[in-house]
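Naming convention: chains lettered A, B, ... in sequence-line order (proteins, then strands); numbering from 1 in each chain. Bear in mind that the values here come from a model prediction, so they are computed numbers and not experimental data.
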There are 2 protein chains.
Amino acid sequence: MVDRALALADVEGLDAVTIRRLAQEFGVTPMALYWHVRNKDELLDAMGDRLFADIDVDALASTGPWQQQLRRLVAALVAALRAHPAAAMLGAQRVLFCESGWELAERTLQLLVKAGFEVGMACDIASYAMQTAVMLVVRRPGEPTTAVDEREAITTAKRTVLAQLPRDRYPLLVESAVALTSVDDEEAYYRFGIDLFIAGIEGIRPKGAKRPS
Amino acid sequence: MVDRALALADVEGLDAVTIRRLAQEFGVTPMALYWHVRNKDELLDAMGDRLFADIDVDALASTGPWQQQLRRLVAALVAALRAHPAAAMLGAQRVLFCESGWELAERTLQLLVKAGFEVGMACDIASYAMQTAVMLVVRRPGEPTTAVDEREAITTAKRTVLAQLPRDRYPLLVESAVALTSVDDEEAYYRFGIDLFIAGIEGIRPKGAKRPS
DNA sequence: ACCTGAACACCGTTCAAGT
DNA sequence: ACCTGAACACCGTTCAAGT
C-alpha cells in the first residue's frame with residue numbers, strides 16, 4: 001500500500017495520493033484502507049519512512065576522512081530521495097522518527113563530533129544537511145504536486161516569460177531563461193549542490209579543531 | 001484579500017487557506033471570490049508574489065565587496081520570507097515570475113557575474129540561494145501546514161520520542177533530543193544558515209577569478 | 001461591477017453492519 | 001480479520017441568475 005502510494009505520487013504527484021484514489025487502485029472501497037492505516041497522515045508518514053529504508057549507513061561512513069564520509073552520507077540521502085521526488089518532502093519530517101532515519105542521524109552526528117565540531121553545532125549541521133538534501137530534490141521546476149505530464153508545459157511556459165522580459169532592465173534574466181528554468185545535467189546539478197554544502201561546512205569549521213579519535 | 005489569506009496562513013497554517021474559509025472571513029459567499037481571482041492557484045501565486053514586495057534590492061546590493069552584497073540579499077530574502085513562514089514555500093515558485101522577484105534575481109546574477117562566476121554558474125548559485133532561503137524558513141519544527149497552537153505539542157512529542165531512544169545505540173540522538181527539535185535562538189539559527197551558504201560559495205569560487213568591474 | 005443559489009465532482013473520516 | 005453502505009462535513013469550481 002505504501003509502495004503503491006509512492007508509485008502514484010511518482011507519476012501523478014503527491015496531490016493525487018488520496019485515500020479514495022488509492023482504494024480505487026486496489027479495486028476496493030475507500031473505507032477499507034482504514035483497516036490498514038489509522039488515517040491519511042499515518043500513510044504519508046509511512047511513505048516518508050520508506051524513503052530512508054535502503055540507505056546502508058555502515059557502508060557509507062566507516063572509512064576515509066570525515067569530509068568524504070559526510071559527502072557519501074549526503075549523497076546517499078539525496079539518491080534515496082531522488083527515487084521518489086514527489087514524496088521527498090515527506091522525508092524531512094520523518095528522519096528523526098524512523099529506524100533508518102535514526103541510524104542515519106546518529107552516524108552523521110558521530111562523524112561531525114569526531115571531526116571536531118561540538119555537539120550543538122553538529123546538530124545544526126546535521127539538520128542543515130537533511131534540509132539541503134530535501135531542497136535539492138524538491139527543487140525546480142514544477143512543484144512536487146504536479147503530474148509528470150504537465151511538467152514540460154510548465155517549464156516552457158516559464159521560460160517564455162523570462163525570454164520576453166525587457167532586455168534593458170533584465171539582461172541576465174533574458175540571457176539565462178533556459179538555464180534558470182531547467183537542469184540539463186542532473187548529475188552535475190546534484191554534485192554542485194553537495195559540493196556547495198561540503199564547502200560550506202569546511203569553511204565554517206574552526207581551523208585548529210582537535211581530533212579526539 | 002491576499003493579505004487576509006497571508007494572515008490566515010500565519011495563524012492557522014497554509015491548509016486553512018481555502019476559498020470557502022476566506023469567503024467566510026469576508027462575510028461573503030465562496031463564489032464571490034471568483035470575481036476577484038480566477039482560481040485558487042492564482043491566489044496562492046499572489047500570496048507568493050507579495051512576499052518579495054518589501055525587498056529593496058537597490059539599498060542592499062550597491063556597495064561593499066560581493067560577499068557582503070550577496071549576504072545582504074540572502075538575509076533580506078530570508079527576512080521577507082520569515083514574515084510569513086507558512087507561505088514561504090509559495091515564494092520559491094514565484095521568484096522568477098513577479099516584478100520584485102525579477103529585480104532580486106537580476107541583481108543577484110549581476111553581482112555574481114561581477115564576482116567572477118560565469119553566467120551559467122551564477123544561475124546555479126542564484127537558484128541555490130533562493131532555495132536555501134526558503135529551506136531555512138520552512139524548516140523544523142512543525143510543517144507549514146500546521147496551526148500555531150499545535151506546534152508546541154508536536155515539538156515536545158518529538159522530543160520525548162528521541163529522549164526515550166536506547167542510549168547505547170543512539171547516544172548522540174538522546175543527548176541532542178532538545179537541540180534537534182527546537183531552535184533556541186532564532187537569529188543565531190538564521191545567521192548560521194546564511195554563513196554556511198556564503199562559506200560554500202566562497203569555497204567553490206575559482207581562486208584566480210577575474211574582476212571585470 | 002459585484003454577488004448569490006444551486007449544483008457537481010471531489011476530499012477525509014466515522015460507525016454500524018456485513019462476511 | 002477484513003471489507004462495505006450510508007452518512008457527514010468539508011473541498012474547488014461552473015454557470016445562470018440576481019442587483
Side-chain angles (χ1 to χ4, degrees), chain A residues 1-50 86-87 89-90 93-94 97 142-151 153-154 157, chain B residues 1-50 86-87 89-90 93-94 97 142-151 153-154 157:
Chain A
M1 174 170 176
V2 177
D3 294 300
R4 197 74 167 245
L6 282 172
L8 183 55
D10 290 340
V11 177
E12 303 194 29
L14 198 54
D15 283 353
V17 179
T18 70
I19 296 286
R20 295 179 115 104
R21 175 65 193 280
L22 222 43
Q24 192 181 316
E25 300 252 309
F26 283 114
V28 97
T29 195
M31 301 77 77
L33 299 200
Y34 285 90
W35 177 259
H36 302 95
V37 91
R38 194 135 40 101
N39 52 34
K40 196 185 170 182
D41 276 336
E42 197 175 285
L43 171 64
L44 293 176
D45 285 349
M47 290 170 69
D49 294 354
R50 182 73 105 250
M89 61 186 314
L90 298 175
Q93 321 157 214
R94 296 298 303 171
F97 304 95
E143 316 90 286
T145 61
T146 318
V148 271
D149 330 0
E150 312 168 31
R151 299 247 177 90
I154 293 177
Chain B
M1 175 169 177
V2 176
D3 294 299
R4 196 75 167 242
L6 283 172
L8 183 55
D10 289 340
V11 177
E12 303 195 29
L14 198 53
D15 283 353
V17 179
T18 70
I19 295 287
R20 296 180 114 102
R21 175 64 194 278
L22 222 43
Q24 191 182 317
E25 299 253 309
F26 283 115
V28 97
T29 196
M31 300 78 78
L33 301 199
Y34 285 91
W35 177 260
H36 303 93
V37 91
R38 194 133 42 100
N39 52 35
K40 195 184 171 183
D41 277 336
E42 197 176 285
L43 172 63
L44 294 176
D45 286 350
M47 290 169 69
D49 294 355
R50 183 73 106 250
M89 62 186 312
L90 298 175
Q93 320 153 219
R94 297 297 303 171
F97 303 95
E143 314 90 285
T145 61
T146 318
V148 271
D149 330 0
E150 312 168 32
R151 299 246 176 92
I154 292 177

Integer-rounded Å distance: D:dC10 C1' and B:D15 CG: 13 Å

Under 3.5 Å donor-acceptor, B:E42 side chain and B:R38 backbone: yes

Closest non-hydrogen atom pair between A:M47 and A:L90, with its separation: CB-CD1, 3.9 Å

Residues A:M89, B:M89; criterion side chain to side chain contact (heavy atoms under 4.5 Å, CB included); working and verdict: CA-CA 12 Å; A:M89 61 186 314; B:M89 62 186 312; 4.0 Å; yes

Spacing between A:L14 atom CG and C:dC11 atom P, to the nearest angstrom: 14 Å

Which nucleotide in D:dG12, C:dC11, C:dT13 has an atom nearest any side-chain atom of B:Y34: D:dG12

Nucleotide D:dC10, atom C1' - distance to CG of B:L22 in whole Å: 16 Å

B:R94 side chain to B:A46 backbone, donor-acceptor under 3.5 Å: no

For B:A9 against B:A86, the heavy-atom pair lying closest together: O-CB, 3.4 Å

Name the pairs: protein N/O against N/O of nucleotides 3-8 of chain D, kept only if under 3.5 Å.
residue : atom : partner : partner atom : Å
D:dC3   : OP2  : A:H36   : NE2          : 3.3
D:dT4   : OP2  : A:T29   : N            : 2.8

Pair assignment for DNA chain C - dot-bracket with | for other-strand partners, Watson-Crick or G-U under 3.5 Å: ||.|||||...|||||.||

Interatomic distance, A:R38 CZ vs C:dG12 P [rounded to whole Å]: 17 Å

d(CG, B:L44; C1', D:dG12) in whole Å: 12 Å

Closest non-hydrogen atom pair, B:V17 against B:A5: CG2-O, 3.5 Å

Between C:dT13 (C1') and A:K40 (NZ): distance, integer Å: 12 Å

Minimum heavy-atom distance A:L33-A:F26, with the two atoms named: CD2-CD1, 4.5 Å

Whether B:T29 side chain and B:A32 backbone form a donor-acceptor pair below 3.5 Å: no

Interatomic distance where CZ belongs to B:R21 and C1' belongs to C:dC11 [whole Å]: 18 Å

Integer-rounded Å distance: C:dT14 P and A:I19 CD1: 11 Å

Under 3.5 Å donor-acceptor, A:R4 side chain and A:E25 backbone: yes

